[in-house]
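Here is the structure we will look at.
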Amino acid sequence: MDQTLPKLLRRIACEHPDIPAQYSRSSDGSFAAITYRELYSIVLDFAGALIACGIERGEHIGLISDNRKEWLQADMAIMAIGAADVPRGCDATERDLAYILSFAECRTVIAENPAQVRKILGLRKSLLQLRRLICFDPCTETEQQLARDCGVELLQWTDMLQKGHTFRCDHETQIEAEIEKGQKDDIACIIFTSGTTGEPKGVMLSYGNFITQLDELVERIYLNPGERAILVLPVWHAFERLCEYVILVQAAALCYSKPVGSILLADFQKLNPHLIPAVPRVFESIYDGVFRAMKKTGGIANVLFKFFVNVAVAQSRLERAIFRQNARFGNDHIILKRIFYTLPWLLLSPLKALGGVLVFSKIRAKLGTNFRGGISGGGALPPNIDEFFWAIGVNIVEGYGLTETAPVISVRPLRNPTFGTVGSAIRGVAVRIVDESGKELPPGCKGAVQIKGETVMKGYYRRADLTAAVMTADGWFDTGDIGMFTVDRQIVLRGRKKDTIVLRGGENVEPLPIEMKLNESPYIAQCIVVGQDQRYLGALIIPAKEPLTAYAQEHHIDSDDYEDLLHKTEIQKLFEEQIQELVSGKTGFKMFERIGKFALLAKPFEVGVELSAKQEIMRYKIAELYQKEISSLF
């Protein structure tokens with residue numbers, strides 16, 4: 001096994017030098033490729049430039065960019081010289097960038113474009129250690145002058161590559177020697193994720209954390225040398241980053257697209273890829289696009305489409321039951337199922353096959369002739385989306401993990417997936433389900449999901465207290481998730497016990513700052529933000545009864561009782577205005593942190609029901625007790 005990622009890239013480049021490694025969009029809209037030999041050469045050139053600039057082993061280098069071919073090239077070069085990157089996307093707020101880059105002590109930062117350069121230079125007073133900026137895209141004299149005024153050296157990507165090439169000619173063995181020094185336990189990157197109070201915390205991930213996963217993931221997510229995977233996700237997320245390493249270790253090609261429906265589908269036709277890793281929202285957008293297109297077509301075509309979809313879903317449900325492709329927690333009465341389900345399954349199968357010829361083949365054709373499957377991660381795949389693709393013969397498998405586990409814990413295999421699960425733990429990862437006392441639970445019993453293995457992070461950067469808080473006394477990492485095992489130890493997730501909400505697009509949201517802001521309203525007594533695995537956030541709100549009643553009297557809002565009052569249009573509008581005023585861009589909240597819908601609850605939260613003895617909201621209890629109200633929001 002390769003000890004580091006640069007050593008892995010070197011081996012692949014040696015074994016498959018002329019196979020395309022990266023496809024990126026040219027100015028004319030077509031895709032141009034570079035080979036593994038060329039990719040490795042670029043990595044060595046940039047690594048040489050970094051050394052020539054005086055960057056040393058162990059330094060932290062900011063990498064503020066969205067996904068593009070230069071990101072991977074820079075990432076590998078940084079690791080090649082023993083430094084560690086601190087990544088973030090272009091949508092990072094100034095507040096987050098100021099905190100992350102200063103806390104990680106980044107003296108050098110790589111930025112994607114002039115806009116990011118200007119944003120970072122605008123934070124100069126907060127980034128006292130900043131000495132150098134490197135920009136992928138060309139900068140103008142405006143950015144150069146601004147950098148000079150800030151006392152920061154601004155360098156261009158193309159100039160750096162030339163500088164590094166010259167350095168390599170003068171120091172033929174130095175970069176390879178630096179690569180050889182790399183060890184499995186060295187820090188590869190520090191990925192900042194949200195903390196329980198909204199303050200980012202830096203997850204330190206080693207080469208070993210990533211490499212441990214590759215051995216089995218290539219069996220579950222298989223590609224052949226030269227095959228293509230299409231990429232649309234932010235690469236600073238651990239999920240996308242690991243997916244790119246999985247593609248790379250198989251000498252397949254990374255193809256860069258955008259998570260925009262029209263662009264993505266057009267690129268499917270141009271690239272004819274074999275695989276796509278994506279968050280649930282991407283697959284949901286494809287699903288919505290198909291149904292919108294059929295509704296727009298209308299007439300008999302739409303009627304036939306709906307008929308064949310219903311037939312395919314019904315046939316697939318029967319098939320999964322007969323052939324044990326569903327999550328099982330005990331005796332599944334398989335003999336009875338096969339007796340009663342086989343005949344209707346046989347009757348529906350020809351109709352499904354006909355639907356495949358008339359309808360589903362056209363949908364699959366939009367994904368190209370090579371498409372093997374999609375990998376969904378970063379949030380839960382909605383069951384209806386999962387079932388639709390399963391029924392029409394498009395293989396979408398779901399994985400599970402966290403940034404702290406680099407990130408994969410489990411994933412359904414492409415060859416033999418089980419519906420309703422996120423697969424079994426990969427090799428090198430141990431999973432246990434425990435109750436509140438730490439006792440391990442048998443299959444079918446719901447409890448806390450805990451992890452141990454070589455994928456678990458080295459800790460939170462400069463926050464030993466936060467690291468200790470997520471590790472048990474016997475060395476297990478507590479994921480904060482609630483789940484259970486099937487009879488064959490596949491994992492089924494049932495919610496989260498920790499506060500972080502993960503939206504369907506993969507965005508991590510800390511509800512506490514939003515709730516604290518909402519509680520500033522004189523009309524809100526208690527509230528809880530919800531939205532796990534949804535497109536947007538919602539809120540359950542306990543109104544402050546006396547102020548609200550007074551408001552109703554002042555505005556002559558008549559009502560028979562309090563619960564009836566909460567449903568009045570004027571009251572609903574009042575809370576809508578309160579929410580929009582408190583949680584907005586003006587008050588520092590990002591678009592995905594805003595509340596989409598809310599529900600007003602008449603009964604206050606109680607200790608022992610919704611609240612713990614310490615008066616803390618038990619979020620996992622809220623999900624159970626208010627399932628109906630939460631469902632109505634989404």
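Every value quoted in this text rests on a predicted model; they were computed, and no experiment measured them.
- The local environment of NZ in Lys258 is sparse, with at most 12 non-hydrogen atoms from other residues, nucleotides or ligands closer than 6.0 Å.
- The ring pair (Phe, Tyr, Trp, His ring centres under 6.0 Å) contacts involving residues 222-264 comprise Phe210-Tyr245, where partners must be two or more places apart or lie in separate chains.
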ask   = Please walk me through it: do Arg432 and Asp474 pass salt bridge (Lys or Arg N to Asp or Glu O under 4.0 Å)?
value = CA-CA 12 Å; Arg432 70 181 185 184; Asp474 53 350; 3.0 Å; yes
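- Taken from CD1 in Ile375 to CZ in Arg412, the straight-line distance is 10.0 Å, to the nearest 0.5 Å.
- Here Asp267 pairs with Arg25 in a salt bridge; the nearest charged N to carboxylate O distance falls below 4.0 Å.
- Residues Ser206 and Asn209 bring a donor and an acceptor atom of their side chains to less than 3.5 Å of each other.
- The pair Asp186-Lys7 fails the salt-bridge criterion, with no side-chain N (NZ, NE, NH1 or NH2) lying under 4.0 Å from an Asp/Glu carboxylate O.
- In terms of modelled atom types and a separation under 3.5 Å, the side chain of Arg11 and the main chain of Val249 share no donor-acceptor contact.
- Between Lys458 and Asp185, some side-chain heavy-atom pair lies under the 4.5 Å cut-off.
- Rounded to the nearest 0.5 Å, atoms CD (Gln534) and CD1 (Ile501) are 10.5 Å apart.
- In this view, Phe31 satisfies the ring pair (Phe, Tyr, Trp, His ring centres under 6.0 Å) rule with no residue, not counting sequence neighbours.
- Salt bridge Arg68/Asp137: present, at least one basic N to carboxylate O contact under 4.0 Å.
- Residue Glu454 places its CD atom among 12 or fewer non-hydrogen atoms of other residues, nucleotides or ligands, all under 6.0 Å distant.
- Under 4.0 Å is where a charged nitrogen must lie from a carboxylate oxygen, and between Glu178 and Lys181 at least one such pair does.
- At a threshold of 4.5 Å between non-hydrogen side-chain atoms, the residues Asp66 and Glu112 count as touching.
- The only option from Val397, Asp386, Val411 that meets the side-chain contact (heavy atoms from CB on, under 4.5 Å) definition with Pro417 turns out to be Val397.
- The backbone N or O of Gly420 sits nowhere less than 3.5 Å from a side-chain atom of Asn326 that would complete a donor-acceptor pair.
- Pairs passing the side-chain hydrogen bond (donor to acceptor under 3.5 Å, both in side chains) check and including a residue from residues 372-382, sequence neighbours excluded, read Glu227-Arg372.
- Remark: Phe268 engages Phe371 in a ring pair (Phe, Tyr, Trp, His ring centres under 6.0 Å) (not counting sequence neighbours).
- Judged by distance alone, the side chains of Thr500 and Glu510 do bring a donor and an acceptor atom under 3.5 Å apart.
- Counting only heavy atoms from C-beta outward, the side chains of Leu231 and Pro277 approach each other to under 4.5 Å.
- Atom NZ of Lys366 sits in a sparse spot, with 12 or fewer heavy atoms from other residues, nucleotides or ligands closer than 6.0 Å.
- Under a cut-off of 6.0 angstrom, the local environment of NZ in Lys590 is crowded, with over 12 non-hydrogen atoms contributed by other residues, nucleotides or ligands.
- Partners of Phe136 according to the ring pair (Phe, Tyr, Trp, His ring centres under 6.0 Å) rule, which considers only residues two or more places apart in sequence or in another chain, are Trp157.
- Applying the ring pair (Phe, Tyr, Trp, His ring centres under 6.0 Å) definition to pairs two or more places apart or across chains, those involving residues 375-403 are Tyr287-Phe388, Phe291-Phe388, Trp390-Phe419.
- The heavy-atom pair separating Val279 from Gly505 by the smallest distance is CG1-O, 3.5 Å.
- Panel note: side chain Tyr36, backbone Ala252; a donor-acceptor pair is recorded below 3.5 Å.
- Among Arg489, Arg328, Gln490, the one residue that satisfies the side-chain contact (heavy atoms from CB on, under 4.5 Å) test with Thr421 is Gln490.
- Atom CG of Leu354 is separated from atom OG of Ser349 by 12.5 Å, given to the nearest 0.5 angstrom.
- Atom-to-atom distance recorded for Asn272:CG and Cys255:SG is 10.5 Å, nearest 0.5 angstrom.
- Here the straight-line distance linking atom CD1 of Ile34 with atom NZ of Lys69 works out to 7.0 Å at 0.5 Å rounding.
- In terms of modelled atom types and a separation under 3.5 Å, the side chain of Asp481 and the main chain of Val449 share no donor-acceptor contact.
- By the 4.5 Å heavy-atom criterion applied to side chains, Leu9 and Leu5 are not counted as neighbours.
- Looking at Gln315, its side chain never comes within 3.5 Å of a backbone N or O of Lys352 through a donor-acceptor pair.
- Contact annotation: the side chain of Leu44 approaches that of Ile179 to within less than 4.5 Å [non-hydrogen atoms, C-beta and beyond].
- Looking only at side-chain heavy atoms (C-beta outward), Gln3 and Lys184 come within less than 4.5 Å of each other.
- Between Gln22 and Leu39, some side-chain heavy-atom pair lies under the 4.5 Å cut-off.
- Here the straight-line distance linking atom SG of Cys189 with atom CD1 of Ile78 works out to 10.0 Å at 0.5 Å rounding.
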